[in-house]
Protein chains: 2
Amino acid sequence: MAVNSDMMRGMAEPIILKLLNYKKMYGYEIIKVVNEKTNNAFQWKEGTLYPCLHRLEADGLIDSEWEIADNGKPRKYYTLTKKGQAKMAAKVEEWSHFAQAVNNLLFA
Amino acid sequence: MAVNSDMMRGMAEPIILKLLNYKKMYGYEIIKVVNEKTNNAFQWKEGTLYPCLHRLEADGLIDSEWEIADNGKPRKYYTLTKKGQAKMAAKVEEWSHFAQAVNNLLFA
DNA sequence: AATTATACATCGGCTGTCGATGTCTGTCAA
DNA sequence: TTGACAGACATCGACAGCCGATGTATAATT
């Protein structure tokens, strides 16, 4: 049931921003949550996620801070910035328009 | 209201196949129809469409034939093959799964 | 002692889209 | 009649995000 990766293009950003809007999360956790919530329709890998997180941070859309978890592992937690919130809203809106357009074409 | 081109990735194929499922069309016509039907949320250009049509034909998903239109201009009309019909159905199904997954994440 | 899971990271290759550019023909206004 | 525009085809290089492979380190499990 894995979805063609071409369709994924550009979706990592809005999805990450949306998840971080609820609570702070660390990278490895985001991967697990996304794959789980989509029933593995999405199969995110580190090579996809980490570069994206770094881009978002460089753009000032998210902030990061290191924490030591109960299991002793260091985790880099990400939080949404004000700028990131605005971007998230815009991206979700953009998805709505996009999906609407595609549905019009595919189910006319 | 143009949608970010990243999201477009991989959507040209299913959309073209779907349109050709209704009737044969020529390239320039497809561009106009798609842009019109999406209210310019999609803004397809020749550089996007023609290579895609050539890929689809090379893969045996569509056939082509030249015709001279009333206005004297030669047009290359495309039709869906049997193989293309199956691919179209699969792609539409894939879009449904994909959109479902994204909606689960963005509107949870 | 070896394997697995957690958790971070980078990098090259792939591939679809975009913008620019090109060609040819018919139409229509100046 | 000349020029501009629209219709209609096409190609090509640049760009950028995703994937797979690879790497490091530690804790827990077998």
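As a basis for the values below, the full set of heavy atoms in this structure was taken, side chains included, without hydrogen atoms, waters or symmetry mates. Letters A, B, ... mirror the listed sequences (proteins, then strands); counts begin at 1. It should be emphasised that the depicted structure is a prediction, and the values quoted were computed from it without experimental measurement.
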Worked check of salt bridge (Lys or Arg N to Asp or Glu O under 4.0 Å) between Glu65(A) and Lys24(A): CA-CA 10 Å; Glu65(A) 48 172 352; Lys24(A) 68 177 181 182; 3.7 Å; yes

Check whether any side-chain N or O of Tyr26(A) sits under 4.0 Å from OP1 or OP2 of dC8(C), and answer yes or no. no

From Glu57(A), Lys76(A), His54(A), residue fulfilling side chain to side chain donor-acceptor pair (under 3.5 Å) relative to Ser64(A): Glu57(A)

Which part of the nucleic acid, if any, lies within contact of Trp44(B), taking any heavy atom under 4.0 Å across all strands shown: a base, the sugar-phosphate backbone alone, or nothing? nothing

What is the distance, to the nearest angstrom, from the CD1 atom on Ile68(B) to the P atom on dA8(D)? 11 Å

Heavy-atom closest pair (Ser96(A) atom, Phe107(B) atom, distance to 0.1 Å) is OG-CZ, 3.8 Å

Atom pair distance, as rounded to whole Å: CE in Met7(B) and C1' in dC18(D): 16 Å

Which residues pass the side-chain contact (heavy atoms from CB on, under 4.5 Å) test with Asn39(A), sequence neighbours left out? none

The contact string for nucleotides 11-17 of chain D, one letter per nucleotide 5' to 3', using protein heavy atoms under 4.0 Å with B, S and - for base, sugar-phosphate only and none, comes out as B----BB

Going by the rule side-chain hydrogen bond (donor to acceptor under 3.5 Å, both in side chains), which residues pair with Tyr28(B) if we only count those two or more places apart in sequence or in a different chain? none

Atom-to-atom span, CG of Leu53(B) to P of dC9(D) - whole angstrom: 9 Å

Atom pair distance, as rounded to whole Å: CH2 in Trp66(A) and C1' in dA7(C): 8 Å

Rounded interatomic separation in angstrom, taking CG from Asn35(B) and P from dG7(D): 13 Å

Students often mix this up, so state it plainly: with edges at 30° and 60°, are the rings of Phe42(A) and Phe98(B) parallel, tilted or perpendicular? parallel

Sequence-distant partners of Arg75(B), side-chain hydrogen bond (donor to acceptor under 3.5 Å, both in side chains), two or more places apart: Tyr26(B), Tyr77(B)

Is Lys91(B) salt-bridged to Glu94(B), cutoff N-O under 4.0 Å? yes

Please state whether the phosphate of dT6(C), meaning OP1 or OP2, lies under 4.0 angstrom from any side-chain nitrogen or oxygen of Tyr28(A). yes

Tell me: NZ of Lys45(B) to P of dG7(D), nearest whole Å? 16 Å

Tell me: CZ of Phe42(B) to C1' of dG16(C), nearest whole Å? 14 Å

Protein and nucleotides 27-30 of chain D: nitrogen or oxygen contacts under 3.5 angstrom:
none

More than 12 heavy atoms of other residues, nucleotides or ligands under 6.0 Å from NZ of Lys87(B): is that the case? no

Between atom NZ in Lys32(A) and atom C1' in dT6(C), what is the gap in whole Å? 8 Å

Within residues 96-108 of chain B: residues closer than 4.0 Å to DNA chain D (heavy atoms): none

Under 4.0 Å between a side-chain nitrogen and a carboxylate oxygen: does that hold for Lys23(A) and Glu29(A)? yes

Does a side-chain N-to-carboxylate-O contact under 4.0 Å join Glu67(A) and Lys73(A)? no

